[in-house]
Every structure is written in structure tokens, then in C-alpha cells.
Amino acid sequence: MTRAGRWVFGRLDAGQAWRDLAGKGINYDVSEVRGPAWNIDTHRHALPAERPGPPEPDGSWEQACRLVRDYEFSPPEIVRALYDPDAPLAGRDMLLEARWHAIHFYCGVRVTEVVDETRDDGRRVWGWAYETLDGHLERGKVTYQVVKHPGSGQVEFVAESYSQGAPSLGRITFLGWRLFGRRTQLRFYRRCGERLRAFTEAALRGETVPASPPPRVGPLVTAPSDTSVSRLDSLAIHRVGPG
């Protein structure tokens with residue numbers, strides 16, 4: 001696994017790694033963000049539509065907002081998250097476990113923005129954004145939003161991001177990032193949209209989002225185990241196991 005830009009082997013104390021995030025800062029400055037050195041993306045995914053007008057009570061928009069708030073859309077075969085579910089959303093630290101075959105990377109992000117507004121054109125928008133912390137494989141920001149278009153009733157999930165590989169990456173990790181990072185990144189956003197749509201449809205049918213199995217151990221790197229998770233008090237490993 002990697003931790004703070006270094007390769008280490010064995011079992012990660014996930015609770016301590018998460019607590020360490022409190023002392024870390026954002027690892028980039030927005031003034032640096034410009035193409036082509038940065039990937040600047042907008043990914044849109046249609047969700048079940050509603051009737052025209054404002055969001056319906058317990059309708060597609062509200063159900064999707066609940067799922068986005070709790071990070072339910074993240075595909076666990078690519079990214080899982082450790083965080084305190086009782087902490088306010090704004091300012092929440094999250095330890096992300098990025099998975100690539102047998103290798104697990106642990107990276108910190110912080111929620112730096114919550115969006116809750118009705119825009120001038122009538123669109124109802126709710127969501128939040130996180131930014132990368134020191135030691136992350138990437139630098140950048142991702143904003144996840146659920147949007148209701150009152151004229152058409154269309155509901156969509158929008159993920160906007162800008163990112164680049166962190167300059168502090170070691171040569172081996174940098175090579176791996178150059179070869180596979182972008183491909184995995186795009187697959188992540190596609191899977192996010194697929195999962196959120198499927199889970200929103202299930203919620204509208206009155207079904208419970210299926211629970212995922214506990215984390216598993218990879219042959220090279222150990223993911224947080226059941227016993228390590230049990231020591232984290234109110235912390236929650238989110239969406240572990242295959243999606």
C-alpha cells in the first residue's frame with residue numbers, strides 16, 4: 001500500500017490514518033488549475049425523471065440526494081471511504097481506499113463545499129465537493145451534484161472535476177498513474193452514475209440498498225480488517241466489497 005507517498009507493507013491502522021488527516025492541508029492551489037496539464041471534466045448521468053416542477057417528496061431527486069450525501073454511489077471495487085458519519089458534511093475528512101488490482105492506495109480528502117440552491121433558471125441543485133489533501137495520489141477537486149430541471153422534470157447526477165497526478169509520486173507510482181490512472185478515473189465516474197441510478201430506482205420501489213460484504217485482504221496489500229474497523233468507534237467503512 002502507499003501512505004503519504006511511501007510504499008509500506010502489512011496492515012494499515014486505518015483509524016490512525018484517518019485521524020492524521022486532520023493535520024493535513026489541501027495539496028494544490030486553484031490558481032494552478034489550467035489545461036492541458038490538468039484533466040477538467042464534467043460527467044452527466046440521467047436519473048429517474050419526475051413530473052415537471054419542484055422536486056417531489058421522496059421522489060427521484062430527494063432519494064438521489066440522500067444517496068449522494070452518504071457516498072452510496074461510489075463503486076467499491078474502485079474506491080471505498082472511511083469517515084465519521086456523525087460529523088457535519090462540511091469539513092468532513094475522508095480516507096479513501098483506491099483499489100487497483102492487488103494494490104490499495106490510501107488517500108485523504110476533505111469536504112470543502114456544500115451546494116444547496118435554486119439557480120436563476122429554476123434548477124434545484126444539491127451536492128458537495130471534496131479536495132485532495134497532502135499525500136494524495138492526485139491533486140484536485142470533485143463536485144457531486146443532483147440536479148432537478150423543473151421545466152422537463154429531468155433529474156441528473158453531475159460530477160465535475162479537475163485533477164492531475166501529484167508531483168510527489170514516486171517513479172514507479174507515476175508510471176502506473178500515466179498508464180492506468182486516467183482510464184481508471186473515467187471508469188470510476190461511469191460506475192458512479194450506473195450505481196446511483198440503480199440505487200435510486202431501488203429506493204423509489206421501496207427497496208433497501210443492498211449491504212456490501214466486509215473488506216477483503218489483497219495478496220500484496222492488506223485492506224482494513226474487520227477487527228481494525230471495530231476499533232474505530234463511530235467511524236464507518238463505506239460500501240466495502242464488490243458492487
Note to self: Nearest 0.5 Å, please: how far is CG in Asn39 from CG in Leu186?
What the structure shows: 8.0 Å
Next item on the list: Please confirm whether the backbone N or O of Gly151 pairs with a side-chain atom of His149, one donor and one acceptor, at under 3.5 Å?
Entry: no
Notebook entry, point to check: Any idea which heavy atoms bring Gly108 and His136 closest together, and the distance?
Noted result: O-CD2, 3.3 Å
Margin query: If you apply the rule side-chain contact (heavy atoms from CB on, under 4.5 Å), what do you find for Asn27 with Leu133, and how did you get there?
Written below: CA-CA 5 Å; Asn27 66 352; Leu133 300 178; 6.0 Å; no
Item checked: Residue pair Gly35 / Ile40: nearest heavy atoms and the distance that separates them -> N-CD1, 4.1 Å
Check: Taking the side chain as C-beta and beyond, is there a heavy-atom pair between Pro48 and Arg197 under 4.5 Å?
Finding: yes
Notebook entry, point to check: Is there a chain of hydrophobic side chains (I, L, V, M, F, W, Y, each step under 4.5 Å between heavy atoms) that links Val158 to Phe188?
Noted result: no
Notebook entry, point to check: Any donor and acceptor pair, going by atom type alone, linking the side chain of Gln145 with main-chain N or O of Trp126 inside 3.5 Å?
Noted result: no
Next item on the list: Flag the pair Arg187 / Ile78 as yes when at least one side-chain heavy-atom distance between them is below 4.5 Å, and no otherwise.
Entry: yes
Note to self: Which heavy atom of Leu95 sits nearest to which heavy atom of Ala17, and what is that distance?
What the structure shows: CD2-CB, 3.9 Å
Check: Taking atom CG of Asp134 and atom CD1 of Ile26, what is their separation to the nearest 0.5 Å?
Finding: 8.5 Å
Note to self: Tell me if a side-chain donor or acceptor on Thr132 pairs with a main-chain N or O of Gly140 at a distance below 3.5 Å.
What the structure shows: yes
Next item on the list: Without swapping roles, check the side chain of Trp61 against the backbone of Val146 for a donor-acceptor pair under 3.5 Å.
Entry: yes
Note to self: Please tell me whether Thr143 and Glu113 have a donor and an acceptor in their side chains that are separated by less than 3.5 angstrom.
What the structure shows: no
Notebook entry, point to check: Should Leu196 and Leu67 count as side-chain neighbours, where that means a heavy-atom distance under 4.5 Å?
Noted result: yes
Check: Taking all atoms of both residues into account, what is the closest heavy-atom pair of Arg66 and Ala203, and its distance?
Finding: NH2-CB, 3.8 Å
Note to self: Please confirm whether the ring centroid of Phe73 lies under 6.0 Å from the ring centroid of Phe199.
What the structure shows: no
Next item on the list: To the nearest 0.5 angstrom, please state how far the OH atom of Tyr162 sits from the CG atom of Asp41.
Entry: 13.0 Å
Item checked: Sidechain-backbone polar pair: Asp70 side chain, Glu72 backbone, donor-acceptor under 3.5 Å -> no
Next item on the list: Assess whether side-chain contact (heavy atoms from CB on, under 4.5 Å) is satisfied between Trp38 and Tyr28, documenting all intermediate values.
Entry: CA-CA 12 Å; Trp38 292 68; Tyr28 76 101; 4.0 Å; yes
Next item on the list: Considering only NZ, NE, NH1 and NH2 on the basic side and carboxylate oxygens on the acidic side, decide whether Asp121 and Arg119 come within less than 4.0 Å.
Entry: no
Check: Taking Arg92 for the side chain and Val111 for the main chain, is one N or O donor matched with an acceptor at less than 3.5 Å?
Finding: no
Notebook entry, point to check: Do the side chain of Thr200 and the main chain of Gln63 share a donor and acceptor less than 3.5 angstrom apart?
Noted result: no
Item checked: Check against side-chain contact (heavy atoms from CB on, under 4.5 Å), Leu96 and Tyr71 -> CA-CA 11 Å; Leu96 304 185; Tyr71 206 57; 4.2 Å; yes
Next item on the list: Please work out whether the ring planes of Tyr144 and Trp128 are parallel, tilted or perpendicular, with thresholds of 30° and 60°.
Entry: perpendicular
Checklist line | Pairing of Lys148 and Glu156 as salt bridge, 4.0 angstrom limit | finding: no
Notebook entry, point to check: Do you know the tightest heavy-atom contact between Pro55 and Arg124?
Noted result: CG-CG, 3.7 Å
Check: Is there a donor in the side chain of Gln154 and an acceptor in the side chain of Glu50, or the other way round, less than 3.5 Å apart?
Finding: no
Next item on the list: Identify whether the distance between the nearest side-chain nitrogen and carboxylate oxygen of Glu56 and Arg51 falls below 4.0 Å.
Entry: yes
Notebook entry, point to check: Do any N or O atoms from the side chain of Asp93 and from the backbone of Arg110 form a donor-acceptor pair under 3.5 angstrom?
Noted result: no
Next item on the list: List the atom of Cys192, the atom of Ser74, and the distance in Å for their closest heavy-atom pair.
Entry: SG-CA, 4.4 Å
Checklist line | Salt-bridge present (Arg139, Glu32; N to O < 4.0 Å) | finding: yes
Margin query: Could you check whether Glu77 pairs with Arg191 (Lys NZ or Arg NE/NH1/NH2 to Asp/Glu carboxylate O, under 4.0 Å)?
Written below: yes
Checklist line | Heavy-atom side-chain contact between Glu131 and Val109 under 4.5 Å | finding: no
Next item on the list: Measure the spacing between SG of Cys107 and CD of Glu138 and express it to the nearest 0.5 Å.
Entry: 8.0 Å
Check: Is there a side-chain contact between Asp58 and Leu204, using heavy atoms and a 4.5 Å cut-off?
Finding: no
Next item on the list: Could you state whether Val68 and Val115 fall into the same hydrophobic cluster, counting links through intermediate Ile, Leu, Val, Met, Phe, Trp or Tyr residues with side-chain heavy atoms under 4.5 angstrom apart?
Entry: no
Check: So do Val142 and Tyr130 actually touch side chain to side chain, heavy atoms under 4.5 Å?
Finding: yes
